[in-house]
Amino acid sequence: MSQEITLAQLRRWLLAFTDRIIQQELYLTELDAAIGDADHGTNMRRGMDKVRQRITDENAPCPDVSTLFRTVAMTLISSVGGAAGPLYGAFFLRAARGTNNGAKSITLLQLAQMFRHGLEGVQQRGKAQLDEKTMIDTIYPAVEALEQAAQAGKSVADALALAREAAEAGMKHTIVLQASKGRASYLGPRSIGHQDPGATSAYYLFETAAETLGQEQA
Amino acid sequence: MSQEITLAQLRRWLLAFTDRIIQQELYLTELDAAIGDADHGTNMRRGMDKVRQRITDENAPCPDVSTLFRTVAMTLISSVGGAAGPLYGAFFLRAARGTNNGAKSITLLQLAQMFRHGLEGVQQRGKAQLDEKTMIDTIYPAVEALEQAAQAGKSVADALALAREAAEAGMKHTIVLQASKGRASYLGPRSIGHQDPGATSAYYLFETAAETLGQEQA
Amino acid sequence: MQKLINNPADAVLECLQGYELAYPHLIRVHYDPHFVYRIDAPVQGKVSIISGSGSGHEPLNIGYVGRGMLDAACPGAIFTSPTPDQYLAALKKVYGGVGALYVVKNYTGGVLNTELAMEMAAEEGFQVASVLVNDDVAVEEKANRRGMGAAVLVEKIAGAAAEQGRDLDSIVQVARRASAQTRSMGVALSSCTSPSVGRPTFYLPESQMEVGVGIHGEPGRRREPLVHAAEVVNIVAQPIIEDLELKAGDMVLAMVSGLGSTPQQELFIVFRYLHQLLTQLGVRVERQLVGNYITSLDMAGCLITLLRLDPELLELWDAPVRTPALCW
Amino acid sequence: MQKLINNPADAVLECLQGYELAYPHLIRVHYDPHFVYRIDAPVQGKVSIISGSGSGHEPLNIGYVGRGMLDAACPGAIFTSPTPDQYLAALKKVYGGVGALYVVKNYTGGVLNTELAMEMAAEEGFQVASVLVNDDVAVEEKANRRGMGAAVLVEKIAGAAAEQGRDLDSIVQVARRASAQTRSMGVALSSCTSPSVGRPTFYLPESQMEVGVGIHGEPGRRREPLVHAAEVVNIVAQPIIEDLELKAGDMVLAMVSGLGSTPQQELFIVFRYLHQLLTQLGVRVERQLVGNYITSLDMAGCLITLLRLDPELLELWDAPVRTPALCW
Ligand SMILES: Nc1ncnc2c1ncn2[C@@H]1O[C@H](COP(=O)(O)OP(=O)(O)O)[C@@H](O)[C@H]1O
Ligand SMILES: Nc1ncnc2c1ncn2[C@@H]1O[C@H](COP(=O)(O)OP(=O)(O)O)[C@@H](O)[C@H]1O
Ligand SMILES: [Mg+2]
Ligand SMILES: [Mg+2]
Ligand SMILES: [Mg+2]
Ligand SMILES: [Mg+2]
């Protein structure tokens, strides 16, 4: 059974993501205060406000999945700034290329593929590997889990639940890591013991995916 | 009986004054912090260090009373700064003129006269009257009391004790006054309730006079 | 005490040593008595402009020594007016034979120490005059008003007039007019800590501000809740505008000076609202200074200063200047 | 929050508005996307020098726009690198037809956003290059070093080279050499408070200092007891001297920049001891900057930056400059 994930569902998921980020602005700020410059919450919130505005604009709706992701990408790139802007921008931009132009729905496998492309985009831009205490530590295991579940023929709900679990574990794992990329790396060993802000915002991507996409059927 | 106050006694009194000021530096600083810029203690201390240095200099001793007072005046003027430097300088400079050149001792009446000249000097420079919450509020009543006691034929000890009492009362009276001269005047009514720093350092002049000059006989 | 200093008693000396090393192309420092003088002093045939100030207000005054402004600046102990021998020694160093003007901020110490110095100078045959700076509107009695931001403006204007080769009387005249046409007021968001004191002079709780504060760490006229910058500007600027009787059509020089620890960003926010307020009144902001120009050690807050310009004052303001703090 | 601001979200905008009103003779501001550009842009036939920075470091970068330095500066949100559209819009405004150099501070955000902008610029046919500033010795791994004080120096040197009419490659070369010959380190005596955060980013207890701190409010490499300024200078300058392999006979440009809330007096005390330390090593302090040149909102502390000069770099440093913050 090949479940379809529609454009409308993806849109609802992204809106849930924006809401979650906006709701967690203070928490993300606190995380970035401990090992950074305390702006991740503000920046992501500003970007998500813009994304929400843009993808709910009835005068200029995104006609297909590729456009939706590309629009999110460009909006984030032009409004977030800092490290997170280009990196999340890369994620969505490369994800957009993982789907056929004009497609108004995708399969679970295609979603996994898109996320894989997105991850590659982040890694290409940011050059971070696993265990460097970045958003990669959330996205990488989540994408792996999603791919495996998709290839094993799991349902959308089950696959996204597994991805979410992996994302959560990855996010929490950043606590014990010493940062070797990004602002936290300037602290050296003092970065240990604090959860990474970017890994946390990235978790919300998979958390909201499981909560929205995973709850609905085509 | 006309008691003589010798040059050596006056020197000892002034040294006691420098010691008292130096000992009370922190207190004078605190008083000037409440209604000023917190420098009266530091400035007076710097001046008193220099005075002490100068009048204990065995290579250049002050040969008479007039020179002693003038030397103190010039030392204070060139080292204290702020409001207190010129005002205490005026006190000692004008006091110096209240005695004969070359005199190596003075009578109680002459001391009162010197202090009267000194008071006039401070009032001429600073243009302050009674009850403006300045050192005048200490010096004026002290000089009045000293003059009256001297004219009434009291002993040096008794006269200086009365002067000290008057000085102490004058100093404490500044607490309830609103300043109309000096830095405290910028605070307006907020200057009420705090003892004036300059009135306090001036009190030590009379306090130490009673303790030293008042205890010794020619 | 969170400060980058050594022995507090040496702070002034070490700062002067640093200044001398930092501006060898502009100034020199004389020690004991302390004063800072322009590198090409004495400038013969030019009236000398001299000012003194307690330390702790940098760049006032030592940062204003150089061509087009002060010939010499005398730095006292922190927040303490310098002594007459400093003023006299500086005079002797920079005197160009045609008179000297002392710019005096209206504080008992500043006035008395300069007075003594001028008496001594006159006795020695120097031609000296003074201009009093008393621009603070927070103090009601005009004769008692503190000298604040106007010191910067008057020193610049007097310095330019001197550079033009004017005689002492002419410079006194234009300097006094500049002083008379200037008003200031300060607002503090914190007290300051003097090195020799080791703690803030007064304690200002969070969410409060001191209105009508001076530059020596003393409390202000009143304490109020801290409000938005736009409203702070109204509160601070209104008394200035009223006292100066500014009206539509007037032309001003506006200075927003940080008091020492306020970030530049906030000073420009303040200026933006000050500019708007004045423009709405029909007052033209012809020139401006925004930054740290007259400070109070590490006090947070700012001073607003307005000078009503006329063509002559504007011309003198625009004249070239080359000092550590002002350059154009 | 003891600040002179209105809505924290408007702080950057209002600061820009204030800047524009304060320096109408030097700069203009473009809004949405935000950038500050020199009043005579585009200067045809001259390579454009552009830099971007999060806000909160003023005068870096917007204070360095003008003749002899930056053609444009892009201000991001506080402590946040600006976005590619800012960089591209600024480029289009100031491009003089012969190339543009982006001065990039080495932070993930700065690097990535500029990278994106340069890709977009190249696609549109602009000739662009970049110079990386990564002078912070507090971070061991060279490739990861933060860009700090060297940004000021490189922008000045690149700006002067561009004003001389040099071509892009020549400017890239000299800018990269300036960058490679510069090292910095910071020490903080307090954290800073970002308007949108409302509290200090970290809490530094009395009598402690953060060594190897950056300019974005993040904690430093280590926390130690606060010592006398002379010793702080040793602690901060030694790693710079070692990493730069400074030796007797070398000539340096030394910058002591306050981090925002440190009074001028302390900065000159620091410089006095830095000068002594270098002189004792036989290193000649040929030029210096002491003041607030690259800040971190209201952080207390300072940054020490040393650039090993050669005749060409010295000549470019001395070239005339006319910006809000630097003037000679
Ligand atoms: N090279 C990188 N690759 C992947 N993620 C990164 C990289 N550098 C930083 N990040 C992420 O960015 C987050 C910080 O984002 P943000 O605070 O918005 O930017 P900045 O560090 O510029 O202030 C970090 O928590 C980290 O997860
Ligand atoms: N006009 C004046 N006449 C007499 N005494 C004065 C006058 N002005 C100030 N004082 C005295 O000076 C004291 C302050 O001295 P100080 O703190 O050393 O100077 P400053 O006010 O310049 O900091 C006040 O407490 C007051 O007693
Ligand atoms: Mg951050
Ligand atoms: Mg005082
Ligand atoms: Mg004083
Ligand atoms: Mg940032």
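This is a predicted model, so every value here is computed, not measured.
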- Item | Contact origin within A:Thr29 toward chain D - heavy atom pairs under 4.5 Å | side chain

- Taking only Lys NZ, Arg NE, NH1 and NH2, and the carboxylate oxygens of Asp or Glu, determine whether D:Glu115 and A:Lys127 approach each other closer than 4.0 Å. no

- Query: If you tally heavy-atom pairs under 4.5 Å against chain A, which of D:Ser191, D:Gly220, D:Gly212 wins?
  - Reply: D:Gly220

- Task: Below 4.5 Å from any heavy atom of chain A, which atoms of D:Thr201 appear? Answer side chain, backbone, both or neither.
- Result: both

- Name the region of D:Asn106, side chain, backbone, both or neither, that has any atom closer than 4.5 Å to a heavy atom of chain A. backbone

- Query: Relative to chain A, which of D:Asp85, D:Val213, D:Asp136, D:Val111 shows the most heavy atom pairs under 4.5 Å?
  - Reply: D:Asp85

- Residue pair D:Pro219 / A:Arg190, side-chain heavy-atom distance below 4.5 Å: yes

- Note on the structure: Correct closest heavy-atom pair for A:Thr42 and D:Ser196 would be OG1-OG, 3.4 Å

- Task: Heavy-atom distances under 4.5 Å only: say whether D:Phe202 touches chain A with side chain, backbone, both or neither.
- Result: neither

- Which atom names give the shortest non-hydrogen contact between A:Arg46 and D:Thr80, and what distance separates them? NH2-CG2, 4.1 Å

- Which heavy atom of A:Pro86 sits nearest a heavy atom of D:Leu116, and at what distance? CB-CD1, 3.7 Å

- Measuring heavy-atom distances to chain D, does A:Ser191 have an atom under 4.5 Å in its side chain, in its backbone, in both, or in neither? neither

- Task: Counting only heavy atoms closer than 4.5 Å, note whether D:Arg199 contacts chain A via side chain, backbone, both or neither.
- Result: side chain

- Which answer fits A:Ala34, side chain, backbone, both or neither, if we ask what part of it has an atom under 4.5 Å from a heavy atom of chain D? backbone

- Structural part of A:Ser185 lying under 4.5 Å from a heavy atom of chain D: both

- Should D:His216 and A:Asp39 count as side-chain neighbours, where that means a heavy-atom distance under 4.5 Å? no

- Message: Looking at every heavy atom in both A:Asp37 and D:Glu218, which two are closest together, and how far apart are they?
- Response: CB-OE1, 4.4 Å

- Note on the structure: Rounding to 0.5 Å, atoms CD1 (D:Ile78) and CG (A:Asn43) come to a distance of 10.5 Å

- Does a side-chain heavy-atom distance below 4.5 Å link A:Lys181 with D:Thr108? no

- Item | Residue selection (most heavy-atom pairs with chain D, distance under 4.5 Å) from A:Gly188, A:Ala184, A:Ala33 | A:Ala33

